[in-house]
2 protein chains.
Amino acid sequence: MEKVQSRSECVISNVLEILGDKWTLLVIRDLFFFNKHEFKEFLASPESIATNVLTDRLKRLLQNEIIAEIPHPQTRTRKLYYLTEKGKDLLPILGSMAQWGAKYLPDLEAMQPLYERLRTEPKKVRQEIHAQLNKWEKEHLKC
Amino acid sequence: MEKVQSRSECVISNVLEILGDKWTLLVIRDLFFFNKHEFKEFLASPESIATNVLTDRLKRLLQNEIIAEIPHPQTRTRKLYYLTEKGKDLLPILGSMAQWGAKYLPDLEAMQPLYERLRTEPKKVRQEIHAQLNKWEKEHLKC
DNA sequence: CACGACACTTGCAAAACGCAAGTGAGTTTG
DNA sequence: CAAACTCACTTGCGTTTTGCAAGTGTCGTG
């Protein structure tokens, strides 16, 4: 992986160079919480990311080895994206964001039950998420 | 506080509307980890934020009630910024970012010991951070 | 009252973004 | 097997946001 010159020696600053972008984290959210794995699935998210931005963010996430890709088993044009171990370790960050939001953004009554459960029983929910990711990998990764 | 029209009903998406910006989180980092409270102190961070960006981010953080301000006890031009309860509740997010970075950005050998300790004894470090914030408040907030 | 410190503003060039229209490889259909 | 379709990704371009430098107005100080 190429060295990206960092703006400071601070760990948080360097993490933000990778993650400090709305779209990047929304893609990661889709991977964790909505079981999405394809380009068109990310495109379909309600925030309506533009295609060029999505392409760019997927590229960066691949470069940073937060996600990996495999060819689609049916067609040769599509690809499947999934979280690496490094990517899966981001769950605490997303989880704490969801917990904070569940506490301080009460206007979102139509909240996905998942987020509410993340606040009330975070450990169990995180286990379920990891279980779902593992299940997908068993079905799609041969090695 | 004015209603900001949100791009989706997703909690994480709405959190990212507030936090999904590098500079915003760097200001919060300075408040948590480096005991900074003044405009010029944020400016002095090694990432060298521009004055207009800093002004904008402080304004947004105030609007979102993540930080609050008081007049400087010595001069009437300066202000002191500090984290509200809502802002202090962001520590798990910053903490999990620091932990992830400490694990996956090992190139940063010159890492602040704080971050290393956040990985090895996160609870204790978070207690210390809250203690430091409380100490500052006792010295500066009259009410 | 002149000077400096300071938070904040302004002007402008550069970068990022959003949108619409491609592109090209692969797949399906008649 | 050729035309139509799907899909990830690219390109062009107008708009928005950012970064940087210089400036502004207010206040404290000598």
Side-chain angles (χ1 to χ4, degrees), chain A residues 4-8 10 13 16-31 34 36-64 66-82 140, chain B residues 4-8 13 16-28 30-31 34 36-64 66-82 140:
Chain A
V4 180
Q5 67 155 353
S6 59
R7 202 153 176 167
S8 87
C10 169
S13 174
L16 291 175
E17 295 285 338
I18 302 174
L19 298 180
D21 171 85
K22 211 187 78 167
W23 296 119
T24 300
L25 282 165
L26 285 178
V27 170
I28 296 173
R29 172 205 63 178
D30 286 345
L31 286 161
F34 298 118
K36 297 188 176 182
H37 295 274
E38 289 198 41
F39 191 90
K40 63 176 174 183
E41 291 175 327
F42 299 126
L43 270 188
S45 291
E47 294 85 8
S48 45
I49 187 171
T51 56
N52 54 352
V53 178
L54 177 56
T55 300
D56 177 75
R57 295 308 187 277
L58 288 173
K59 201 179 295 177
R60 287 196 210 178
L61 286 169
L62 286 167
Q63 284 173 350
N64 286 310
I66 287 170
I67 64 174
E69 63 181 9
I70 51 171
H72 192 287
Q74 261 74 55
T75 83
R76 255 172 285 179
T77 36
R78 292 192 231 174
K79 288 171 185 171
L80 294 177
Y81 303 94
Y82 62 97
H140 294 84
Chain B
V4 181
Q5 66 156 352
S6 59
R7 198 152 180 170
S8 88
S13 174
L16 291 176
E17 295 286 338
I18 303 174
L19 298 181
D21 171 85
K22 209 187 80 167
W23 296 118
T24 300
L25 282 165
L26 285 178
V27 170
I28 297 173
D30 285 346
L31 286 161
F34 299 119
K36 297 189 177 182
H37 295 274
E38 289 197 40
F39 192 90
K40 64 175 173 182
E41 291 175 328
F42 300 126
L43 270 189
S45 291
E47 294 84 10
S48 46
I49 186 171
T51 56
N52 54 353
V53 178
L54 177 55
T55 300
D56 177 75
R57 295 307 187 277
L58 288 173
K59 201 179 293 174
R60 288 195 211 179
L61 287 169
L62 286 167
Q63 284 173 350
N64 286 311
I66 288 169
I67 63 174
E69 62 182 10
I70 52 170
H72 193 286
Q74 263 74 55
T75 82
R76 253 173 287 181
T77 35
R78 291 192 235 172
K79 288 171 186 170
L80 294 177
Y81 302 94
Y82 62 97
H140 294 85

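Heavy atoms only: backbone and side chains are in, while hydrogens, waters and symmetry mates are out. Throughout, a chain's letter reflects where its sequence line sits, starting with A, and its residues are numbered from 1.
Between B:Arg76 and D:dG28 there is a side-chain N or O to OP1 or OP2 distance below 4.0 Å. The phosphate of D:dT18 has OP1 or OP2 within less than 4.0 Å of a side-chain N or O from B:Arg57. Residue B:Trp23 places no side-chain N or O under 4.0 Å from the OP1 or OP2 atom of D:dT17.
Every residue two or more places apart in sequence or in another chain was checked for a ring-ring contact (aromatic ring centres under 6.0 Å, His included) with A:Tyr81, and none qualifies. For B:Asp56, the side chain to side chain donor-acceptor pair (under 3.5 Å) criterion is met by B:Arg60, not counting sequence neighbours.
For A:Arg60 and C:dC17, the CZ to C1' distance is 12 Å, given to the nearest whole Å. One can place NZ of A:Lys22 at 12 Å from P of D:dT18, the figure rounded to the nearest angstrom. The nearest whole Å value for the distance from the CD1 atom in A:Ile49 to the C1' atom in C:dA16 is 13 Å. Put simply, CG on A:Leu54 is 14 Å from P on C:dC19, counting in whole angstrom units. Across the protein-nucleic acid pair, A:Glu47 atom CD and C:dC17 atom P stand 16 Å apart, rounded to whole Å. As a whole-Å value, the separation of A:Leu26 CG from C:dC17 C1' is 15 Å.
Not a single donor-acceptor pair under 3.5 Å links the side chain of A:Lys22 to the backbone N or O of B:Leu16.
Here the rule is side-chain contact (heavy atoms from CB on, under 4.5 Å) with A:Thr24, and of A:Ile28, A:Leu26, A:Val27 only A:Ile28 fits it.
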A:Trp23/A:Glu47 under side-chain contact (heavy atoms from CB on, under 4.5 Å): CA gap, chis, key distance, verdict: CA-CA 9 Å; A:Trp23 296 119; A:Glu47 294 85 8; 3.8 Å; yes
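B:Asp56 comes within 4.0 angstrom of no nucleic acid atom, judged by non-hydrogen atoms across all strands.
Residue whose closest nucleotide on DNA chain C sits further toward the 5' end, between A:Thr75 and A:Asn52: A:Asn52.
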Under 4.0 Å protein heavy-atom contacts per nucleotide of nucleotides 2-9 of chain D, with B for base, S for backbone only and - for none: -----SSS
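Considering every non-hydrogen atom in both A:Leu19 and A:Leu25, the closest pair reads O-CD1, 3.3 Å. Of all heavy-atom pairs between A:Pro73 and A:Leu80, the closest is CD-CD1, 3.6 Å.
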